[in-house]
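What follows is one structure encoded as structure tokens, with my remarks underneath.
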Amino acid sequence: MGHTALLMAGSTGWTEPATAGHTAARDAWGWGSGQTPSEFLENPSQSSRLTAPFRKHVRPKKQHEIRRLGELVKKLSDLTGCTQVVDVGSGQGHLSRFMSLGLGLKVKSIEGDQRLVERAQHLDQELLQALEKEEKRNPQVVQIGSRRSPHHVVQWVDPRTRCEELLLPLEDSPQGGARLLLTGLHACGDLSVALLRHFSCCPEVEALASVGCCYMKLSDPGGYPLSQWVATLPGYELSYRLREGACHALEEYAQRLQKAGPGLRTHCYRAALETVIRHAQPKLRRPGVQGIPRVHELKIEEYVQRGLQRVGLDPQLPLNLAALRAHQAQENRVVAFFSLALLLAPLVETLILLDRLLYLQEQGFHSELLPIFSPELSPRNLVLVATKGPLGQAFSVLESEDS
């Protein structure tokens, strides 16, 4: 029985769709075993598969991600004959920079935040200077040649409309138009949906490599479900709580439970904060609370006051200390509830990703879900790869490690 059948086992009135190819598990290719990826065995902070200039300003998690996804995109580009890569939601440009200056791809980098684009351009120049110095010292090892920095564009991509900037070829693209490959590394919420829709609707786009994130930010309706098959399932709806839970790091949380450290009380504190927020502002539900450092060292009322300030409410609101203490007494029960909810996370994420896979296959495209990141380092570790033409067994080459 395949993944789709497992998801729906026990329900009634469903027929498993015919899906081409395979959909790999999260822990395929050795991921999920709890072992440190080989690139971090010598130094847990520095990938041995990236040279020093590409590691600068990049955390280990991101080093792992940009290398693995960048190498997959390079293989996919070669297999499909694409002439240009478009990195959507590129942030500070770490992936774009590695693909262009590290792998020699022509890259357009699209990001809606002007400040992030300016930061990316600064990092481009810094990396170019570092590579030029390396090339002078080791011309046999480092060869920049004709490689150039990504072309950065400030542009918000609306999932509901066609983005012309996304489809425009770079100035030096071959005559006859560019063959585009769209990619996004943890493209947030509907941004991943926008990638899928541009791939399916635009003849210029030949290939797709999308790693999704922030499922709780998907539009409803519009962002899920996408496929006709999932839309016909009884009870296909996914609540905000389920979609938010699917974004948590299951492997990392299991380690936290084993250690049973004081940091687990964050869940109880956040739940208590939510009750205070809803009492003060009933229409404000589940607002994002930026990380409060060293929560386990704070009294519950101190955490609530800082949390109120972070969501724009008066931190000096009168608090019912007895009620807060009663909440705190439920700490173990809150952790138990959160743990049970988290057990559903892989199931919910699989349903969302299979819905996207089926959406593409229903239109006759060729698509696969491949695990390319270690889930311990990067919990959202599945990439949705799609092409307009068949690749056959070449799909399996995409997720393998380069020698």
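Values reported hereafter were calculated over all heavy atoms of this structure, with side chains retained and with hydrogens, waters and symmetry mates removed.
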Report yes or no: does Gln121 contribute a side-chain atom to a donor-acceptor pair with the main-chain N or O of His152 at less than 3.5 Å?
->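 Between the backbone of His152 and the side chain of Gln121 there is no qualifying donor-acceptor contact (under 3.5 Å).
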Is a side-chain N or O of Glu362 found less than 3.5 angstrom from the main chain of Trp229, in a donor-acceptor match?
->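 Side chain of Glu362 to backbone of Trp229: a pair is present.
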Might you work through the side chain to side chain contact (heavy atoms under 4.5 Å, CB included) test for Arg197 and Arg162, ending with a clear yes or no?
-> CA-CA 9 Å; Arg197 288 184 172 147; Arg162 176 184 170 109; over 6 Å; no
Test log, rule side chain to side chain donor-acceptor pair (under 3.5 Å), inputs His279 and Asn320 = CA-CA 11 Å; His279 183 266; Asn320 185 333; over 6 Å; no
Heavy-atom distance under 4.5 Å between the side chains of [X] and [Y], does that happen here?
X	Y	result
Ile352	Leu238	yes
Asp113	Val154	no
Gln361	Leu357	yes
Leu313	Ile277	yes
Tyr359	Val230	no
Arg294	Leu298	no
Leu180	His198	no
Lys217	Cys188	yes

Which heavy atom of [X] sits nearest to which heavy atom of [Y], and what is that distance?
X	Y	value
Ser378	Phe373	OG-CD1, 3.4 Å
Cys247	Met216	SG-SD, 3.7 Å
Arg356	Leu226	CG-CD1, 4.0 Å
Ala130	Pro53	CB-CB, 4.1 Å
Ile110	Gln155	CG2-O, 3.5 Å
Leu308	Pro315	CB-CA, 4.1 Å

Check each of Glu349, Arg243, Glu244 against Tyr215 using the side chain to side chain donor-acceptor pair (under 3.5 Å) test, and report the only one that passes.
->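 So, applying the side chain to side chain donor-acceptor pair (under 3.5 Å) to Tyr215 and each of Glu349, Arg243, Glu244, only Glu349 qualifies.
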Sort out for me which residue in His64, Gln63, Arg49 forms a side chain to side chain donor-acceptor pair (under 3.5 Å) with Glu39.
->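 So, applying the side chain to side chain donor-acceptor pair (under 3.5 Å) to Glu39 and each of His64, Gln63, Arg49, only His64 qualifies.
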Just distance, no hydrogens or angles: give the donor-acceptor pairs under 3.5 Å from side chains in residues 326-335, sequence neighbours left out.
residue : atom : partner : partner atom : Å
Gln328  : NE2  : Tyr269  : OH           : 3.4
Gln330  : OE1  : Arg333  : NH1          : 3.2

Run the side-chain contact (heavy atoms from CB on, under 4.5 Å) test against [X] and tell me which residues pass, sequence neighbours left out.
X	value
Lys133	Arg137
Leu76	Thr80, Leu181, Ala207, Ala209, Val385, Thr387, Leu391, Leu398
Glu206	Cys82, Arg179, Lys388

Is it true that Glu301 and Arg325 have a side-chain N and a carboxylate O under 4.0 angstrom from each other?
->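 Salt bridge between Glu301 and Arg325, a charged N being under 4.0 Å from a carboxylate O: yes.
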Any ion pair linking Glu302 and Lys299 (charged N to carboxylate O, less than 4.0 Å)?
->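 A salt bridge is absent here (no side-chain N lies under 4.0 Å from a carboxylate O).
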Taking only residues two or more places apart in sequence, or in another chain, which ones meet [X] in a salt bridge (Lys or Arg N to Asp or Glu O under 4.0 Å)?
X	value
Glu237	none
Arg278	Glu274
Lys61	Glu65
Glu165	Lys108

Residues in side-chain hydrogen bond (donor to acceptor under 3.5 Å, both in side chains) contact with Gln114, at least two apart in sequence or another chain |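 Counting only residues at least two positions away or on another chain, Gln114 forms a side-chain hydrogen bond (donor to acceptor under 3.5 Å, both in side chains) with Glu118.
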Contacts of Arg310 that satisfy side-chain hydrogen bond (donor to acceptor under 3.5 Å, both in side chains) - sequence neighbours left out =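 Expected list: none.
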Quick one: pull up [atom1] in [X] and [atom2] in [Y] and give me the separation to the nearest 0.5 Å.
X	Y	atom1	atom2	value
Arg380	Cys213	CZ	SG	7.0 Å
Ile66	Arg55	CD1	CZ	11.0 Å
Leu196	Ser210	CG	OG	6.0 Å
Leu233	Leu351	CG	CG	7.5 Å
His267	Leu342	NE2	CG	8.0 Å

For atom [atom1] of [X], is the number of surrounding heavy atoms from other residues, nucleotides or ligands below 6.0 Å larger than 12?
X	atom1	result
Glu42	CD	no
Gln363	CD	yes
Phe337	CZ	no

Candidates Lys74, Arg67, Lys75 - the one meeting salt bridge (Lys or Arg N to Asp or Glu O under 4.0 Å) with Glu71 |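 With Glu71 as partner, Lys74, Arg67, Lys75 yield a single salt bridge (Lys or Arg N to Asp or Glu O under 4.0 Å), made by Arg67.
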Return each pair, listed once, that meets side chain to side chain donor-acceptor pair (under 3.5 Å) where at least one residue sits in residues 182-195; pairs must be two or more places apart or across chains.
->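 Every pair satisfying side chain to side chain donor-acceptor pair (under 3.5 Å) with a residue in residues 182-195: Asp190-Ser219.
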Report the C-alpha separation of Leu384 and Leu353 in whole Å, then their side-chain angles, then the decisive distance to 0.1 Å, and conclude whether the side chain to side chain contact (heavy atoms under 4.5 Å, CB included) test is met.
-> CA-CA 8 Å; Leu384 175 58; Leu353 295 180; 5.9 Å; no
Step by step, would you call Val107 with Leu95 a side chain to side chain contact (heavy atoms under 4.5 Å, CB included)?
-> CA-CA 10 Å; Val107 180; Leu95 174 63; over 6 Å; no
Ser109 vs Asp87, side chain to side chain donor-acceptor pair (under 3.5 Å): CA-CA, chis, key distance, verdict | CA-CA 5 Å; Ser109 178; Asp87 180 10; 4.7 Å; no
Verdict with reasoning, His57 to Glu126, per side chain to side chain contact (heavy atoms under 4.5 Å, CB included) = CA-CA 11 Å; His57 304 299; Glu126 189 176 296; 2.5 Å; yes
Validation row, ring centre Tyr303 to ring centre His296 under 6.0 Å =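 No, the ring centres sit 6.0 Å or more apart.
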For residues 82-116, pull every pair meeting ring pair (Phe, Tyr, Trp, His ring centres under 6.0 Å), keeping only residues two or more places apart or in separate chains.
->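 Listed by first then second residue: Phe54-Phe98.
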